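Here the structure is laid out as structure tokens; the discussion comes afterwards.
No hydrogens, no waters, no symmetry mates; every other heavy atom, side chains included, goes into these values. These figures come from a predicted structure and were not determined experimentally.
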Amino acid sequence: MKTCLLVLGLIAATATAQPPQPDPGPQPVRRMMRPPPPAMTGARADLAVELIAGMPTILATVNGRGPYRFGVDTGAAGYLRVSPALAQALELRQVGEAMAGDPSGRNPIRIPVYRVESLAFGGLTFSGISTTALPQLGPRTAQVDGVIGIGFFENLLLTIDYGRLRLSAGPGALPPANGRDVVEATLDRSLISVPLRIGETTQLVHLDTGNAAQPLFLPAEAVAALPTEGEPRIVGRARTVSQEIEIRSLGLTVPVSVGTTRLPVTAVGYPAAAPPGNIGSLALTGMALTVDYANRRVRIVPSRP
């Protein structure tokens with residue numbers, strides 16, 4: 001969710017100021033260790049999806065309680081974010097702090113890090129999770145209890161079927177990219193990027209199911225080079241953890257596609273919270289999205305009845 005993407009880095013507690021000490025000479029470089037990935041049990045998940053303001057959401061239990069409603073956000077790096085209300089209701093234990101910001105890197109803020117013993121949905125259970133608080137960035141985040149990030153699906157084949165309103169995740173792989181229904185993806189700051197064809201040009205954009213504000217966001221300079229029509233319209237404001245952005249939109253006069261699948265995109269929003277831009281859930285209306293994170297492949301095809 002680009003409007004609420006959290007870039008996480010665990011930090012130690014601030015130490016009390018000390019008087020200057022003599023230079024001890026060269027010292028070994030110490031690096032902050034990332035927490036280990038959650039352990040997974042279960043074979044696969046298959047469960048219903050509900051669209052909340054366009055964002056796919058599922059029901060999950062946390063520490064055996066719930067169910068609670070979580071957004072599924074391929075544009076959220078890492079694992080789990082929980083609302084402050086849910087953290088309080090579950091009496092989650094704070095184990096540290098994190099720095100959070102959007103991809104622009106502006107004005108990061110400190111947020112608490114909690115320990116979640118288990119998260120379960122649709123037949124899969126993940127245990128030993130370090131999670132952070134989800135800032136309330138707008139009406140969409142206020143309607144969910146948290147966000148499930150792309151990290152849970154790094155070793156699973158994930159399908160979000162917007163037409164049938166189902167989510168599945170389990171073992172498997174997409175066939176090699178063929179430029180038609182399966183395209184080669186790349187990783188940018190752990191996020192999935194796909195080649196988006198806009199008329200005669202190709203833009204590499206993030207795949208961001210947490211973006212339900214506009215089907216397509218691009219930087220303003222990229223929009224200036226596209227075939228558009230009409231005058232720019234102010235369509236709203238987007239909030240990230242570090243900035244508020246006035247969103248404008250222009251109509252597109254050319255088709256937009258991934259591979260040979262034409263997407264329901266007729267306008268472009270700008271500016272993007274950060275380059276390179278993204279396609280969101282509104283661009284996937286009526287589509288079945290499959291993400292093979294491990295092999296860097298993505299398939300977008302019309303949903304079957």
Side-chain angles (χ1 to χ4, degrees), residues 1-6 45-62 66-76 80-83 85-86 119-124 134-150 152-153 156-169 191-192 194 196 205-217 235-240 247 249 256 258 261-269 273 277-291 298-305:
M1 184 161 50
K2 207 63 65 210
T3 55
C4 66
L5 177 64
L6 305 183
D46 188 355
L47 68 164
V49 164
E50 180 180 343
L51 299 179
I52 300 293
M55 179 174 62
T57 70
I58 60 173
L59 292 176
T61 60
V62 181
Y68 304 101
R69 187 158 294 280
F70 287 85
V72 181
D73 188 357
T74 60
L80 187 64
R81 327 279 192 262
V82 296
S83 70
L86 182 59
L119 173 79
F121 55 88
L124 294 177
L134 175 67
Q136 296 300 316
L137 302 173
R140 279 178 294 278
T141 54
Q143 296 179 67
V144 296
D145 297 301
V147 165
I148 291 172
I150 191 61
F152 287 111
F153 307 105
L156 299 172
L157 188 66
L158 168 67
T159 295
I160 303 174
D161 194 323
Y162 285 81
R164 297 179 57 244
L165 295 178
R166 301 292 298 181
L167 178 146
S168 64
L191 300 178
I192 305 161
V194 294
L196 185 70
V205 295
H206 288 152
L207 181 63
D208 186 6
T209 59
N211 163 28
Q214 290 282 298
L216 169 64
F217 276 112
V235 294
R237 305 185 74 86
R239 290 187 59 84
T240 74
I247 302 173
S249 178
V256 177
V258 172
T261 300
R262 183 167 176 173
L263 303 180
V265 177
T266 58
V268 56
N278 66 77
I279 55 169
S281 281
L282 298 181
L284 301 169
T285 302
M287 300 291 166
L289 163 70
T290 300
V291 177
V298 168
R299 179 171 63 200
I300 302 174
V301 294
S303 178
R304 295 180 180 178

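When all heavy atoms are compared, the tightest approach of Asn211 to Ala213 is OD1-N, 3.0 Å. Closest of all the heavy-atom pairs between Pro67 and Leu59 is CB-CB, 4.0 Å. Considering all non-hydrogen atoms of both residues, Leu134 and Gly146 come closest at CD2-CA, 3.9 Å. Thr261 and Pro302 make their closest contact through CG2-CD, 4.2 Å (heavy atoms, listed as atom of the first residue, atom of the second, distance). Residues Val49 and Arg166 approach most closely at CG2-C, 3.6 Å, considering heavy atoms. Listed here is the closest heavy atom pair of Leu156 and Ala169: CD1-CB, 4.2 Å.
Using a 4.5 Å heavy-atom cutoff, the side chains of Met55 and Val144 are in contact. At least one side-chain heavy atom of Leu51 sits less than 4.5 Å from a side-chain heavy atom of Pro56. Counting only heavy atoms from C-beta outward, the side chains of Tyr68 and Leu86 approach each other to under 4.5 Å. Side-chain contact between Leu167 and Leu158: present, with at least one pair of heavy atoms (C-beta onward) separated by less than 4.5 Å. For the pair Leu263 and Leu196, the minimum side-chain heavy-atom distance is below 4.5 Å. Val62 places none of its side-chain heavy atoms less than 4.5 Å from the side chain of Val82.
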_Under the criterion side-chain contact (heavy atoms from CB on, under 4.5 Å), I'd like the reasoning laid out for Ile247 against Phe217: C-alpha separation, chi angles, the key distance, then a yes or no._
CA-CA 9 Å; Ile247 302 173; Phe217 276 112; 3.6 Å; yes
*Can you list the steps and then say if Thr57 with Val72 is a side-chain contact (heavy atoms from CB on, under 4.5 Å)?*
CA-CA 6 Å; Thr57 70; Val72 181; over 6 Å; no
*Starting from the C-alpha separation in whole Å, work towards a yes-or-no answer on side-chain contact (heavy atoms from CB on, under 4.5 Å) for Leu119 and Leu80.*
CA-CA 9 Å; Leu119 173 79; Leu80 187 64; 4.2 Å; yes
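Residues that satisfy the ring pair (Phe, Tyr, Trp, His ring centres under 6.0 Å) test with Phe121, not counting sequence neighbours, are Phe126. The salt bridge (charged side-chain N to carboxylate O under 4.0 Å, His left out) test applied to Arg69 returns Glu50, not counting sequence neighbours. Every residue meeting the side-chain hydrogen bond (donor to acceptor under 3.5 Å, both in side chains) condition with Ser303, not counting sequence neighbours, appears here in chain and number order: Asp161. Here Thr159 pairs with Thr290 under the side-chain hydrogen bond (donor to acceptor under 3.5 Å, both in side chains) rule; sequence neighbours left out.
One distance of note links CD1 of Ile52 with CD of Gln143; it measures 5.5 Å at 0.5 Å rounding. Taking CD1 from Ile148 and CG from Asp73, the interatomic distance works out to 10.5 Å, rounded to the nearest 0.5 Å. Here CD1 of Ile300 is found 10.5 Å from CD1 of Ile160. Values are rounded to the nearest 0.5 Å. Note that CG of Leu289 is 10.0 Å distant from CZ of Arg299, once rounded to the nearest 0.5 Å. For the atom pair CD1 (Ile150) and CG (Leu207), the distance works out to 7.5 Å, reported to the nearest 0.5 Å.
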Which side-chain N or O atoms in residues 279-287 pair as donor and acceptor under 3.5 Å with protein atoms at least two apart or in another chain?
| residue | atom | partner | partner atom | Å |
| --- | --- | --- | --- | --- |
| Ser281 | OG | Tyr162 | OH | 2.7 |
| Ser281 | OG | Thr209 | O | 2.7 |
| Thr285 | OG1 | Leu282 | O | 3.1 |

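No option in Thr74, Leu191, Val194 other than Leu191 meets the side-chain contact (heavy atoms from CB on, under 4.5 Å) test with His206.
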